[in-house]
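Working notes for the structure below.
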Amino acid sequence: MDRRTWLKLAASTAAAAAFPLPSFAQINLSPDSPDSYPFSEELLDAFARRRADEPFKAPEKKVDEALANLTYEQHNRAIVYKDDQAIWRNDNVPFRLEPYHTAGAIFAFPVELFQVEAGRATKIQYSADAFEFNAPAKAPATPAQSDFAGFHAQAQIDRLGVFRDFLRFLGATNFRAIASGQVFGVSARALAINTGQTGGEDFPLFRSFWIERPRPVDQSLVVHGLFDSVSAVGRYKFTVTPGFDTIIDTEATIYPRRRIAYAGIAPIASRFFFGPSAAPKRRDFRPRVHDSEALAILNGQGEQIWRPLLNPERLQFSVFVDKGPRGFGLIQKERSFAAYQDTDAQFEKRPSLWIEPVGDWGEGSIDLIELPAPEEVNENIVCFWRPKDGLGPGIGHRYRYRMHWCWTPPIENRRASVSQTRIGETKSGDIAFIVDFANTERCDGCNPSAIATQVTASAGEVRNARVAAGPQAGMQRLRFEYAPSGSDPADLRAQLLVDGKAVSETWIFRWAR
């Protein structure tokens with residue numbers, strides 16, 4: 001990636017002073033215009049630098065009493081932005097915006113929204129009249145105690161004349177996107193700080209968004225966001241292009257207030273409840289329940305890794321040390337309805353999210369965190385790039401990457417790829433594994449008659465590993481038994497080989513009792 005660090009320059013103070021944002025909650029408009037003020041990336045960057053030099057000030061919640069008790073599940077249904085109030089609805093442009101309303105305990109922090117046009121920013125004013133309030137919600141008794149909690153964007157991503165959501169920013173720095181024909185699932189964050197570590201996680205909050213007004217010919221929506229937290233201030237530029245794959249080109253600039261030893265760049269969060277590689281917690285009519293089924297990695301050495309996700313009994317970390325990663329993501333590969341049997345959730349339509357670094361990201365690791373999920377609504381999977389040296393204060397850290405919200409990751413696959421992982425138990429009590437590899441007749445170096453296998457375990461014993469033609473054309477099925485040793489987790493690793501050289505993805509599995 002094109003990663004630059006630089007000392008904070010004294011000259012930036014003057015630029016910051018020109019940016020009329022003394023606080024996130026109050027806007028000082030320029031004296032020559034009561035409605036707008038100058039905006040540019042340079043001014044926003046200078047303000048972020050200056051803000052990081054100041055002590056963190058926690059935002060105040062802004063929720064009317066009539067909306068204070070709404071739950072997460074009720075929020076979207078009970079408060080709906082009116083379609084005829086959508087921003088840009090009557091402007092003959094390819095996108096529309098609809099804000100979210102503050103409510104409950106989760107979406108309680110106000111988020112400022114601005115429209116940017118011709119180098120000037122104009123605040124989008126809150127009005128309770130723009131929303132419909134359905135039971136159990138009630139219209140705010142005191143609108144002054146209500147505000148926006150985020151926004152969602154709409155476009156004609158499925159067919160002409162029909163606008164639907166393709167992008168949502170709501171809650172902390174969380175956001176979601178989908179491609180044509182998909183439903184919302186996996187989510188992203190701007191930055192992860194101290195996730196799963198001692199001392200608790202620091203959750204940054206997007207405090208303001210500046211959204212560039214599109215022209216009729218534009219294919220992308222440009223969003224600038226500013227977040228604040230105890231540990232850092234950050235500014236992000238998202239260039240969002242919806243379509244068969246929805247692409248978000250991301251430019252992140254982070255100014256730490258203090259050293260962040262455990263920082264997560266391009267975080268992804270998802271849900272995994274159960275599937276063929278992990279038994280359900282209780283009886284269920286569905287074969288699978290997950291938004292993502294595996295972590296996929298294309299590391300700096302060109303190795304492709306496939307790591308099936310788990311719903312563990314206790315929190316667990318998996319760390320993949322790397323230098324100059326080429327890509328990683330949480331993947332939903334299985335696309336048949338028969339594999340899920342859920343007409344409501346439509347898991348087969350959930351997006352995969354692939355992160356493609358731009359430039360050299362240096363040394364670090366891709367960290368995967370899996371938490372126990374007693375219910376399927378729990379977002380229990382997180383992964384991100386962790387810089388080896390963390391993020392230090394006194395300098396700015398810049399990362400550029402492309403996010404692919406897609407059906408299939410955009411990588412040229414010249415290797416046999418894992419199509420499924422299934423687990424059972426033998427009569428002797430060993431663990432029986434079946435791993436199917438597809439594309440074994442066309443991958444580089446593949447010769448089905450000469451394919452062998454290599455299976456190893458960090459602890460315990462692998463027995464009776466063998467590979468043979470699978471149930472479908474172009475597929476090889478790997479079978480083996482595993483005898484655990486002790487109670488500690490073990491990492492299993494398998495590949496297909498021809499003449500001693502790998503011709504498949506590297507399959508990695510975390511076994512724990």
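Since the structure is predicted, the reported quantities are computational estimates derived from the model, not experimental observations.
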Self-check item: Pairing residues for Phe274 by the ring-ring contact (aromatic ring centres under 6.0 Å, His included) criterion, not counting sequence neighbours
Solution: none
Self-check item: Pairing residues for Tyr262 by the ring-ring contact (aromatic ring centres under 6.0 Å, His included) criterion, not counting sequence neighbours
Solution: Phe384
Side-chain ([X]) to main-chain ([Y]) donor-acceptor, under 3.5 angstrom:
X      : Y      : answer
Gln156 : Gly161 : yes
Arg350 : Phe184 : yes
His75  : His101 : yes
His290 : Gln332 : no
Arg510 : Phe317 : yes
Arg120 : Ser36  : yes

Less than 4.5 Å apart, any side-chain heavy atom of [X] and any of [Y]?
X      : Y      : answer
Asp64  : Thr142 : yes
Leu310 : Gln316 : yes
Asp218 : Val93  : no
Tyr401 : Trp385 : no
Val80  : Asn134 : yes
Asn311 : Asn380 : yes
Arg213 : Asp91  : yes
Trp361 : Asp322 : no

Quiz prompt | Reference residue Trp210; test ring-ring contact (aromatic ring centres under 6.0 Å, His included); the match among Phe47, Phe39, Tyr37, Phe151 | solution = Phe39
Exercise. Output all residues satisfying salt bridge (Lys or Arg N to Asp or Glu O under 4.0 Å) with Arg89, sequence neighbours left out; order by chain, then residue number.
Key: none
Practice problem: Drop me the distance from Glu348's CD to Arg335's CZ, to the nearest 0.5 angstrom. | Solution: 8.5 Å
Would you call [X] and [Y] a salt bridge, taking side-chain N to carboxylate O under 4.0 Å as the test?
X      : Y      : answer
Arg189 : Glu379 : no
Lys82  : Asp84  : no
Arg49  : Asp45  : yes
Glu117 : Arg215 : no
Glu376 : Arg271 : no
Glu98  : Arg168 : no

Taking the six-membered ring for Trp, are [X] and [Y] closer than 6.0 Å centroid to centroid?
X      : Y      : value
Phe209 : Phe169 : yes
Phe238 : Tyr236 : yes
Tyr81  : His152 : no

Counting only heavy atoms from other residues, nucleotides and ligands, does the tally under 6.0 Å from [atom1] of [X] exceed 12?
X      : atom1 : value
Phe337 : CZ    : yes
Asn378 : CG    : yes
Gln85  : CD    : yes
Lys62  : NZ    : yes
Tyr72  : OH    : no
Gln346 : CD    : yes

Exercise. For Glu356 and His404, test the side chains for any donor-to-acceptor distance below 3.5 angstrom and give the result as yes or no.
Key: yes
Quiz item: Where do Asn194 and Glu201 land on the side chain to side chain donor-acceptor pair (under 3.5 Å) test, with the steps shown first?
Solution: CA-CA 5 Å; Asn194 212 39; Glu201 185 167 0; over 6 Å; no
Exercise. Would you please classify the geometry between the Trp405 ring and the Phe175 ring as parallel, tilted or perpendicular, with 30° and 60° separating the classes?
Key: tilted
Self-check item: Among Leu113, Asp147, Thr102, side chain to side chain contact (heavy atoms under 4.5 Å, CB included) partner for Tyr126
Solution: Asp147
Which atom pair, heavy atoms only, marks the closest approach of [X] to [Y]?
X      : Y      : value
Val63  : Gly104 : CG2-O, 3.7 Å
Pro242 : Ala155 : CG-CB, 4.3 Å
Arg307 : Ser318 : NH2-OG, 3.1 Å
Ser277 : Leu309 : OG-O, 3.9 Å
Val186 : Ser270 : CG2-CB, 3.9 Å
Pro59  : Leu205 : CG-CD1, 3.6 Å

Quiz item: Quick one: is the NZ or CZ of Arg96 closer than 6.0 Å to the six-membered ring centre of Phe163, and within 45° of its axis?
Solution: yes
Quiz item: Centre of Phe56's six-membered ring, under 6.0 Å away, within 45 degrees of the axis: is that where NZ or CZ of Arg257 sits?
Solution: no
